[in-house]
Amino acid sequence: MRPTGRLHIGHYFGALQNWVRLQNDPEYDCFYFIADWHALTSDYADTSQVAQNTIEIVTDYLAAGLDPKKCVIFQQSQIHEHAELHLLLSMVTPLSWLERVPTYKEAFENVTNKDLHTYGFLGYPCLQTADIVIYGNNLPLFVPVGEDQVSHVELSREIVRRFVVFFGKEDWAKSEKGAAKSIIASLRNRLPASAPNDPDEKTAEYLLRLVPYDERQSLLANNKVPLVEVLTEPSVLLTKTPRIPGLDGRKMSKSYGNAITLSESDDDIRKKTKVMVTDPARKRRTDPGNPDVCPVYDWHKLFSPQETLDWAAHGCRTAGIGCIECKSKMADHLIQWIAPVRERRLEYEKHPRRVLEIIDAGSKTARAEAQTTMSRVREAVFGWDKKRNEIASGNSQ
């Protein structure tokens with residue numbers, strides 16, 4: 001998450017609730033981080049609150065139930081390898097891929113108070129891809145997202161695929177018999193005088209690096225030549241999230257001023273929920289309503305027991321209860337739900353040094369993983385270990 005301030009209940013039900021579930025599943029090793037570099041893609045003009053907001057969000061992570069003994073919680077900018085991999089991925093990512101991202105276009109249409117004409121904003125999918133795939137060390141890699149974020153992960157898959165086609169080593173041992181000769185035959189007319197003469201795998205590799213990306217990808221696929229995995233393509237772990245409208249019925253967002261934070265006081269919860277929008281058809285107390293279109297009833301589904309849900313739905317449809325009464329009952333259950341979260345948060349607020357220690361320890365663990373990936377990636381791109389060994393053995397050309 002980007003460090004934009006304290007988290008709200010939309011963050012909890014949209015992501016954190018699922019993150020807590022995943023950390024308790026022994027099938028997964030979970031990495032959760034604060035994307036402070038991503039904050040600069042649109043908020044570079046004022047970074048004065050990034051450090052404090054990072055602490056606030058990690059405090060909310062811990063209050064929501066994330067446990068540093070069960071998952072890795074870290075700060076993006078402490079892992080310098082994220083920036084290095086982002087740079088390498090950006091070298092092979094076509095500009096047109098970045099310009100077609102829907103959120104990029106939407107931002108230019110909707111954000112008028114910030115200058116987004118920067119490479120950082122355009123290239124954020126490359127950084128996002130680096131954030132994900134730098135932790136895929138010989139294990140299946142999953143990103144827990146909702147339906148609206150599937151396209152982001154798919155772009156990451158395309159970027160990784162393109163990177164591997166350029167820098168992945170052909171695994172001839174797992175390819176079809178005669179694959180190298182078939183590729184050479186297809187490209188023989190492009191064989192320069194300086195190319196190797198023997199029709200072997202080295203000749204095929206040499207030729208494959210002379211052709212455009214799409215043609216190279218096609219030749220490898222048609223001849224069933226796999227590539228050694230330099231980076232792991234991420235997969236989507238689809239998460240169903242409940243509808244969480246804001247106080248005004250729009251998407252919950254701090255920028256809209258329509259959210260309840262995880263640290264909200266009881267008094268503020270009651271004040272804010274008292275003015276929540278409801279079914280617009282209920283103009284008078286005696287008008288029946290439809291709970292299925294009412295944001296208050298959506299919140300009842302999150303916080304209230306079945307008995308209260310039934311009471312609210314029946315009372316709304318029959319005009320047996322008023323909206324004020326319905327909101328008050330929902331607020332009771334919201335306050336009951338948020339109390340232990342807020343209590344845990346207050347405990348960490350008293351000990352910010354403990355929060356920093358968790359960030360630093362998690363970042364150290366994450367960086368060790370990232371360094372393993374980058375050692376492999378650097379060798380795939382530049383081949384320095386191979387070159388040094390050649391020089392050491394006297395076989396350098």
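Predicted, not measured: the structure shown is a model, and the values here were computed from it.
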> Do Phe13 and Leu247 belong together in a cluster built from hydrophobic side chains that touch within less than 4.5 Å?
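They do share one cluster, since a chain of ILVMFWY contacts under 4.5 Å joins Phe13 to Leu247.
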> May I ask you to say whether Glu170 pairs ionically with Arg209, meaning some side-chain N is under 4.0 Å from a carboxylate O?
yes
> Are Arg317 and Asp292 within salt-bridge range, i.e. N to O under 4.0 Å?
yes
> Taking 4.0 angstrom as the limit, do Arg378 and Asp385 come out as a salt bridge?
no
> Quick check, are the ring centers of Tyr135 and Phe74 under 6.0 angstrom apart?
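Here the rings of Phe74 and Tyr135 have centres that are less than 6.0 Å from each other.
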> Which donor-acceptor pairs under 3.5 Å do side chains of residues 120-131 form with protein atoms, sequence neighbours excluded?
{"from": "Tyr124", "atom 1": "OH", "to": "Thr103", "atom 2": "OG1", "distance (Å)": "2.6"}
{"from": "Thr129", "atom 1": "OG1", "to": "Pro125", "atom 2": "O", "distance (Å)": "2.7"}
{"from": "Thr129", "atom 1": "OG1", "to": "Ser156", "atom 2": "OG", "distance (Å)": "2.9"}
{"from": "Asp131", "atom 1": "OD1", "to": "Gln76", "atom 2": "NE2", "distance (Å)": "3.0"}
{"from": "Asp131", "atom 1": "OD1", "to": "His82", "atom 2": "ND1", "distance (Å)": "2.7"}
{"from": "Asp131", "atom 1": "OD2", "to": "His38", "atom 2": "NE2", "distance (Å)": "2.7"}
{"from": "Asp131", "atom 1": "OD2", "to": "Gln76", "atom 2": "NE2", "distance (Å)": "3.3"}

> Determine all donor-acceptor pairs shorter than 3.5 Å in which one atom belongs to a side chain in residues 62-73; sequence neighbours excluded.
{"from": "Asp67", "atom 1": "OD1", "to": "Lys69", "atom 2": "N", "distance (Å)": "2.9"}
{"from": "Lys70", "atom 1": "NZ", "to": "Asn24", "atom 2": "OD1", "distance (Å)": "2.9"}

> Cation-pi between Arg162 and Tyr213: NZ/CZ under 6.0 Å from ring centre and within 45° of the ring axis?
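Yes, cation above the ring, under 6.0 Å and within 45°.
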> Determine the sole option in Glu379, Glu201, Glu205, Glu229 for which the salt bridge (charged side-chain N to carboxylate O under 4.0 Å, His left out) test with Lys169 is passed.
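For Lys169, the salt bridge (charged side-chain N to carboxylate O under 4.0 Å, His left out) test succeeds with only one of Glu379, Glu201, Glu205, Glu229, which is Glu205.
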> Going by the side chain to side chain contact (heavy atoms under 4.5 Å, CB included) test, name the single residue among Pro291, Cys326, Cys294 that passes it with Cys316.
Pro291
> Look up atom CZ in Arg2 and atom CD1 in Ile34, then write down how far apart they are to the nearest 0.5 Å.
12.5 Å
> Can you tell me how the ring of His300 sits relative to the ring of Trp311, calling it parallel under 30°, perpendicular over 60° and tilted otherwise?
perpendicular
